[in-house]
Visitor: 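Quick one: this structure, given as structure tokens, is what I'll be asking you about.
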Amino acid sequence: MANNSIRYTEGTETVVNIASQITSLGDDFFREYTQLYNMVETDLAACWKGEDAEAFKTKVEGEKHFFESMRDVINEYATFLRNTANAHDARMNDSKEQVSSCSFE
């Protein structure tokens with residue numbers, strides 16, 4: 001089994017990089033399903049006519065909200081990772097400042 005844990009002791013840069021990769025994958029996903037819808041609207045519509053073509057187009061359009069929801073989830077996850085990394089960095093800085101301000105006198 002692969003080790004999929006995040007080790008904050010190594011810093012948060014890895015988490016931020018993974019978040020960027022996830023955002024990029026979400027953008028790729030958006031381009032792919034946008035291309036699908038454009039193809040149905042233009043290329044396919046130009047060469048396929050009739051009730052069956054309209055039924056297919058309607059079905060594809062009816063699924064669009066699922067693709068949009070998936071993209072939203074992907075982006076929310078990437079944002080969650082970034083926010084978590086930022087919160088961890090802030091917490092670590094606060095701890096360092098608290099330690100620096102303490103004395104044993």
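For this chain, numbers begin at 1 and follow the sequence in order. Atoms considered below: every heavy atom in the structure, side chains included; atoms not considered: hydrogens, waters and symmetry mates.
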Visitor: Flag the pair Met92 / Thr12 as yes when at least one side-chain heavy-atom distance between them is below 4.5 Å, and no otherwise.
Guide: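 Side-chain contact under 4.5 Å: no.
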
Visitor: For the atom pair OG1 (Thr84) and CG (Asp89), what is the distance rounded to the nearest 0.5 Å?
Guide: 11.0 Å

Visitor: Are the side chains of Val16 and Glu13 in touch, meaning some heavy atoms are under 4.5 Å apart?
Guide: no

Visitor: Are Gln35 and Glu32 packed together at the side-chain level, in the sense that at least one heavy-atom pair is separated by less than 4.5 angstrom?
Guide: yes

Visitor: Looking at Phe30, does the NZ or CZ of Arg71 lie under 6.0 angstrom from its six-membered ring centre and within 45 degrees of the ring axis?
Guide: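 Geometry flag: set, cation within 6.0 Å and 45°.
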
Visitor: So does His65 get a backbone contact from the side chain of Ser69, meaning a donor-acceptor N/O pair under 3.5 Å?
Guide: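 Checking the backbone N and O of His65 against the side chain of Ser69, a donor-acceptor pair under 3.5 Å is found.
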
Visitor: Run the side-chain hydrogen bond (donor to acceptor under 3.5 Å, both in side chains) test against Glu68 and tell me which residues pass, sequence neighbours left out.
Guide: none

Visitor: What pair of heavy atoms forms the shortest contact from Ile74 to Gly26, and how long is it?
Guide: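 Smallest heavy-atom distance, with atoms named: CG2-CA, 3.6 Å.
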
Visitor: Taking the side chain as everything from C-beta on, heavy atoms only, tell me whether Leu44 gets closer than 4.5 Å to Phe56.
Guide: yes

Visitor: Of the options Lys59, Lys64, Lys57, which is the one that meets Glu61 in a side-chain contact (heavy atoms from CB on, under 4.5 Å)?
Guide: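 The residue from Lys59, Lys64, Lys57 that satisfies side-chain contact (heavy atoms from CB on, under 4.5 Å) with Glu61 turns out to be Lys57.
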
Visitor: Report whether Val73 and Tyr33 are members of the same hydrophobic cluster (ILVMFWY, side-chain heavy atoms less than 4.5 Å apart, transitive linking).
Guide: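 No.
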
Visitor: Please, which pairs that meet side-chain hydrogen bond (donor to acceptor under 3.5 Å, both in side chains) have at least one residue in residues 36-49, sequence neighbours excluded?
Guide: Trp48-Asp52

Visitor: Can you check whether Thr23 reaches Arg82 side chain to side chain, under 4.5 Å on heavy atoms?
Guide: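 Yes, side chains in contact.
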
Visitor: Distance check, rounded to the nearest 0.5 Å: Asp72 atom CG versus Phe67 atom CZ?
Guide: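 Here the interatomic distance stands at 13.5 Å.
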
Visitor: When rounded to the nearest 0.5 angstrom, what distance separates CG in Leu25 from CD1 in Ile18?
Guide: 11.5 Å

